[in-house]
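This chain uses plain numbering: 1 for the first residue, then up along the sequence.
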Amino acid sequence: MRSFIRTLLAAALLSASIAQAAVQVGGVDFQPELGAQKGMLALNGAGLRTRVGFKVYAMGLYLRAPLTDAAAIIGDKGEKRIRIVLTRDLEAKQFGDALLAGLEKNHEPAELAALKPATDALIGALAAVGEVASGTEIVLDQLANGATRLVVNGQQKGDDIGDVAFYPALLRIWLGVRPADHDLRDALLRQSR
């Protein structure tokens with residue numbers, strides 16, 4: 001009986017350690033939890049962005065609590081984090097242009113016009129980075145006050161963007177009706193196609 005209890009306890013401990021292990025996507029580790037301004041965020045899902053058969057970046061989406069509904073994630077006012085790690089060399093301008101294309105695919109012209117100051121601020125901050133090599137980490141945070149913060153390799157770039165409509169707009173790039181990559185969208189929502 002003691003042996004059975006020890007085996008059961010060992011299995012439970014092993015299961016707990018596996019549950020807390022990092023998720024690896026395209027050679028990039030995504031921790032199951034990370035700290036934010038007001039508490040902890042949990043990894044909702046992680047996946048690869050591919051384009052024409054090439055891996056472009058690995059991406060993880062962190063939320064206060066797991067959600068599988070894109071509209072609920074986009075509408076949630078709480079803190080969030082998008083963590084992107086490039087898997088190939090790019091110019092920061094290329095990455096910015098891809099974000100802009102994703103915004104254009106998922107918003108009407110009037111919405112884009114309203115977002116233009118925030119979009120220009122983000123694209124400008126990205127362009128100032130210059131070249132981004134494979135392994136570069138790009139973090140987009142929705143702060144507790146709804147502002148958007150850009151951090152590249154651990155350093156904030158540009159000022160916080162105060163437009164509270166901007167982060168939900170960014171999320172639509174990956175979770176909207178015309179996502180950048182359907183498989184990545186499903187991975188971020190923990191759904192399988």
Inset, instruction - Quick one: closest heavy-atom pair of P117 and A114, and the distance? - result: CD-O, 3.7 Å

Inset, instruction - Please confirm whether the backbone N or O of A113 pairs with a side-chain atom of E111, one donor and one acceptor, at under 3.5 Å? - result: no

Inset, instruction - Provide the full list of salt bridge (charged side-chain N to carboxylate O under 4.0 Å, His left out) pairs with a residue in residues 53-63, sequence neighbours left out, each pair given once. - result: none

Inset, instruction - Kindly write out the residues that satisfy side-chain hydrogen bond (donor to acceptor under 3.5 Å, both in side chains) with D97, not counting sequence neighbours, or none if the list is empty. - result: K93

Legend entry - Remaining members of hydrophobic cluster (4.5 Å side-chain criterion), L41: V23, V25, V28, F30, L34, L43, L48, Y62, V85

Legend entry - ILVMFWY cluster, I123 and L115 together (side-chain gap under 4.5 Å): no

Inset, instruction - For N153 and I138, indicate whether the former's side chain and the latter's backbone hold a donor-acceptor pair under 3.5 Å. - result: no

Legend entry - Reported OH-to-OG1 distance for the pair Y167 and T148, which is rounded to 0.5 angstrom: 7.0 Å

Inset, instruction - Identify, with sequence neighbours excluded, every residue that meets side-chain hydrogen bond (donor to acceptor under 3.5 Å, both in side chains) alongside Q24. - result: D29

Inset, instruction - Please collect all salt bridge (charged side-chain N to carboxylate O under 4.0 Å, His left out) contacts where either partner lies in residues 159-173, sequence neighbours excluded, each pair once. - result: R149-D160

Legend entry - side-chain contact (heavy atoms from CB on, under 4.5 Å) partner of L122, the single match among L100, L103, I161: I161

Inset, instruction - Return yes if some donor-acceptor pair links the side-chain N/O of D141 with the main-chain N/O of L143 below 3.5 Å, else return no. - result: no

Inset, instruction - Examine distances only and state if a side-chain atom of Q94 and a backbone atom of E91 form a donor-acceptor pair shorter than 3.5 Å. - result: yes

Legend entry - Partners meeting side-chain contact (heavy atoms from CB on, under 4.5 Å) with A144 (sequence neighbours left out): Q37, K38, E79

Legend entry - Pair listing, side-chain hydrogen bond (donor to acceptor under 3.5 Å, both in side chains) test, anchored in residues 113-124, at least two apart: K116-D120

Inset, instruction - Starting at CD1 of I82, measure out to CD of Q142 and round the result to the nearest 0.5 Å. - result: 9.0 Å

Inset, instruction - Return the minimal non-hydrogen interatomic distance between Q156 and G158, and the atom names on each side. - result: NE2-O, 3.1 Å

Legend entry - ILVMFWY network linking L175 to V164, side-chain heavy atoms under 4.5 angstrom: no

Legend entry - Beyond-backbone contact of S134 with L86, side-chain heavy atoms, under 4.5 angstrom: no

Inset, instruction - Keeping the roles fixed (side chain from N106, backbone from G102), state whether a donor-acceptor pair exists under 3.5 Å. - result: yes

Legend entry - Pairing residues for R178 by the side-chain hydrogen bond (donor to acceptor under 3.5 Å, both in side chains) criterion, not counting sequence neighbours: none

Legend entry - From CG (L61) to CG (L140), nearest 0.5 Å: 11.0 Å

Inset, instruction - Measure the CZ-CG distance between R185 and D181 for me, rounded to the nearest 0.5 Å. - result: 11.5 Å

Inset, instruction - Considering only Ile, Leu, Val, Met, Phe, Trp and Tyr, and joining two whenever side-chain heavy atoms are under 4.5 Å apart, list the other residues clustered with V139. - result: V151

Inset, instruction - Using the test salt bridge (charged side-chain N to carboxylate O under 4.0 Å, His left out), find all partners of E137 that sit at least two apart in sequence or belong to another chain. - result: R83

Legend entry - Separation between OG1 of T68 and CG of L188, rounded to the nearest 0.5 Å: 12.5 Å

Inset, instruction - Please confirm whether the backbone N or O of V56 pairs with a side-chain atom of T87, one donor and one acceptor, at under 3.5 Å? - result: yes

Legend entry - Check: R49 side chain, A58 main-chain N or O, donor-acceptor pair, under 3.5 Å: no

Legend entry - A125: side-chain contact (heavy atoms from CB on, under 4.5 Å) partners, not counting sequence neighbours: L150, K157

Inset, instruction - Please report the closest heavy-atom contact between A187 and A46, naming both atoms and the distance. - result: CB-O, 3.3 Å

Legend entry - Residues which pass salt bridge (charged side-chain N to carboxylate O under 4.0 Å, His left out) with R88, listed by chain and number, not counting sequence neighbours: none

Inset, instruction - To the nearest 0.5 angstrom, please state how far the CD1 atom of I73 sits from the CG atom of L67. - result: 5.0 Å

